[in-house]
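What follows is one structure encoded as structure tokens, with my remarks underneath.
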2 protein chains.
Amino acid sequence: MSVSEPRTGTSGHASAGRDGRDGRFEPVSRQTVSQQVRDRLVASIRDGDFAPGQALPSERALCDEFGVARTSVREAMQGLMSLQLVERRGNRTHVAEHLPDVSVDGFDLRKERVRELFEVRRVIEIPVAELAVCRATAHERAELTALAALFVDTMPLEEFRRLDRAFHWALARACGNRLLAEMYQKVLDALFQSSDFGSLLYATPNRKAVKEIVASAGRAHREIAAAVMAGDPVRAMEQVSAHLQDVEDRMVKRLA
Amino acid sequence: MSVSEPRTGTSGHASAGRDGRDGRFEPVSRQTVSQQVRDRLVASIRDGDFAPGQALPSERALCDEFGVARTSVREAMQGLMSLQLVERRGNRTHVAEHLPDVSVDGFDLRKERVRELFEVRRVIEIPVAELAVCRATAHERAELTALAALFVDTMPLEEFRRLDRAFHWALARACGNRLLAEMYQKVLDALFQSSDFGSLLYATPNRKAVKEIVASAGRAHREIAAAVMAGDPVRAMEQVSAHLQDVEDRMVKRLA
DNA sequence: GACTATGGTCAGACCAACTGACCACGTCGG
DNA sequence: CCGACGTGGTCAGTTGGTCTGACCATAGTC
């Protein structure tokens with residue numbers, strides 16, 4: 001297999017003996033450039049930055065963006081192809097139409113993880129909303145409202161995902177605490193990169209359920225933005241809490 | 001200069017043109033092995049894992065622990081010496097007695113950062129305490145109590161720092177949510193690695209103030225452990241909140 | 001004084017990554 | 001229809017980070 005994570009750990013030498021005897025230091029992590037590029041591309045595709053079927057930028061363009069040589073981009077691309085996330089079509093590389101579900105985890109494990117994820121979201125996002133109500137600049141409030149207004153019940157899934165992330169990130173930025181926003185983005189990354197969340201949308205079989213999700217989330221976002229605009233922290237917290245509960249319920253139901 | 005962060009970013013080639021035109025992808029990060037080792041050692045020293053004046057493990061021992069060659073450890077060590085964090089004494093390498101204050105930030109910036117840091121701690125740590133009260137296993141409760149009991153008003157600063165971290169980490173682990181604990185540890189890392197926190201203890205001029213900090217924090221930890229043991233979430237949250245406020249006040253006062 | 005462990009230094013090898021070029025093949029406009 | 005252009009595919013050569021294994025000088029120990 002050319003995909004089996006060639007030399008990530010010790011490159012065959014230090015593994016001979018035992019690692020550090022007592023547990024003072026862990027061995028340093030080693031990630032090749034191509035592995036980094038591959039991971040970032042995987043994340044981008046799972047995030048929906050590139051829709052299924054969409055053409056990726058050319059390898060040379062990606063070299064510019066990542067600041068790496070083409071050999072590295074190509075190695076990463078090989079990885080994506082073996083994961084069946086992308087495919088060559090004629091002269092271009094396209095995102096696969098049907099993103100394979102990479103989650104091989106057990107059921108309970110995944111359900112448990114979703115539960116944990118949303119617990120963390122509640123812990124962080126509700127205070128974030130409260131702070132945002134109190135501290136957001138006029139410009140940030142306007143941005144949130146504008147973003148919320150962009151949600152349309154009939155919008156394509158593609159655009160919904162982009163907007164969804166943009167909205168939550170804008171909320172995080174508006175809380176006036178860079179560190180907190182950073183922390184929060186880490187949580188969101190974990191969510192958006194999870195295949196479960198992606199499949200909640202892309203793999204949901206009937207279109208009606210997807211439309212329902214889009215409509216419900218759009219409504220919730222508008223409510224949150226309104227609360228921020230109105231300067232009502234309690235209402236904002238309630239709306240966020242309800243929104244999170246709604247999304248979590250849908251995800252758990254899908255996994256059940 | 002051998003210390004000027006040689007080739008971290010683009011290695012001199014891609015920087016010729018502009019980076020990725022639109023902001024789709026950031027250039028990948030590049031960290032050499034020696035840089036990783038250096039950063040980990042710096043963190044360890046700032047964390048107080050090695051006290052000022054204490055001898056470091058031998059270079060060969062560090063090779064084992066980090067799983068790297070001695071050349072890499074030596075490069076890292078050169079960095080530490082230029083930072084004046086360590087010094088050679090005879091045949092051994094010792095942590096410098098007087099850790100230099102690397103913070104070159106402005107005053108307001110640092111104060112603002114402390115404020116943000118503790119805001120995040122409050123957001124995360126209070127719910128963590130609540131969850132820990134509700135979910136901790138008997139073993140975890142016992143561990144917390146045992147840890148808290150180890151705090152003695154007259155304990156050496158060195159040991160206090162270790163115990164302090166151990167206690168808060170144990171609390172995080174007891175909350176029954178791996179993701180949340182992970183998140184929380186990130187915040188703690190940011191705190192313990194900040195030179196301001198280190199200097200709060202090591203640089204505090206008179207011994208009386210340090211003793212007061214140790215005593216106060218020890219008391220707070222015992223109170224928190226008692227609340228967890230008693231299964232009283234409200235009291236636990238109050239105690240944590242008070243403890244955080246106390247530490248933040250001391251840090252801000254020092255910076256003022 | 002011999003032994004041992006440590007820091008200091010070096011030469012050789014390996015490999016990831018970059019560079020720059022070339023080719024074959026689609027696509028698109030003239 | 002044909003040629004220019006952009007794409008993916010491939011390659012040889014170079015650079016730089018890292019590992020290996022050896023050697024030396026010196027400080028501490030028995």
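In the text below, chain A, chain B and the rest are named by the order of the sequence lines, each starting its count at 1. Here the structure is a predicted model, which means the values were calculated and not measured.
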#### Entry: Interatomic distance where CD belongs to Q36(A) and P belongs to dA16(C) [whole Å]
15 Å
#### Entry: Side chain of R70(A) - closest among dA17(C), dG8(D), dT26(D)
dG8(D)
### Task
Identify whether the distance between the nearest side-chain nitrogen and carboxylate oxygen of E97(A) and R89(A) falls below 4.0 Å.
yes
### Query
Salt-bridged, R40(B) to E26(A), with N to O below 4.0 Å?
no
## Note on the structure
Taken to the nearest whole Å, CZ/R92(A) to P/dG6(D) is 12 Å
### Task
Check whether any side-chain nitrogen or oxygen of R30(B) sits under 4.0 Å from OP1 or OP2 of dC18(C), and answer yes or no.
yes
### Query
Does a nitrogen or oxygen in the side chain of R74(A) sit under 4.0 Å from OP1 or OP2 of dG9(D)?
yes
### Rounded distance (Å) that lies between atom C1' of dG8(D) and atom CE of M77(A)
10 Å
## Note on the structure
Taking dC19(D), dG8(D), dG7(C) as options, the one with an atom nearest any side-chain atom of E59(B) is dG7(C)
### Task
Could you tell me whether R38(A) and E75(A) have a side-chain N and a carboxylate O separated by less than 4.0 Å?
no
### Query
Closer than 4.0 Å, any side-chain N/O of T93(A) to the OP1 or OP2 of dT7(D)?
no
### Message
I need the CD-P distance between E87(B) and dG7(C), as an integer number of Å.
### Response
14 Å
### Query
Looking at S72(A), does any N or O in its side chain come under 4.0 Å of the phosphate oxygens OP1/OP2 on dC18(C)?
yes
### Selected nucleotide, minimal atom distance to S34(B) side chain, candidates dA16(C), dG9(D), dT18(D)
dT18(D)
### Separation of dG6(D) P from D64(A) CG (nearest whole Å)
14 Å
### Message
If you assign each of E75(B) and M81(A) to its closest nucleotide in DNA chain D, which residue comes earlier from the 5' end?
### Response
M81(A)
### Query
In terms of side-chain heavy atoms of R60(A), which of dA17(C), dC22(C), dG8(C) is nearest?
dC22(C)
### Query
Could you state the CD-C1' distance from Q78(B) to dT18(D), rounded to the nearest angstrom?
16 Å
## Note on the structure
Rounded to whole Å, the CZ-C1' distance (R89(A) to dT27(C)) equals 16 Å
### Message
For R88(A), is there an ion pair with E59(A) - N to carboxylate O distance below 4.0 angstrom?
### Response
yes
### Query
Is the distance from OP1 or OP2 of dT7(D) to the nearest side-chain N or O of S58(A) less than 4.0 Å?
yes
### Query
Could you state the NE2-P distance from H94(A) to dG26(C), rounded to the nearest angstrom?
14 Å
### Message
Using a 4.0 Å heavy-atom cut-off, does R88(B) contact any base of the nucleic acid, only the sugar-phosphate backbone, or nothing at all?
### Response
sugar-phosphate
### Message
Does N91(A) contact dT27(C) through a side-chain donor or acceptor facing the base, at a distance under 3.5 Å?
### Response
no
### Task
Ignoring hydrogens and angles, state whether a donor on the side chain of E182(B) or N177(B) is under 3.5 Å from an acceptor on the partner side chain.
no
### Task
Determine, for W169(A) and R173(A), whether the Lys NZ or Arg CZ falls below 6.0 Å from the six-membered ring centre while staying within 45 degrees of the axis.
no
### Task
Ignoring backbone atoms, establish whether T71(A) has a side-chain N or O less than 4.0 Å from OP1 or OP2 of dA16(C).
no
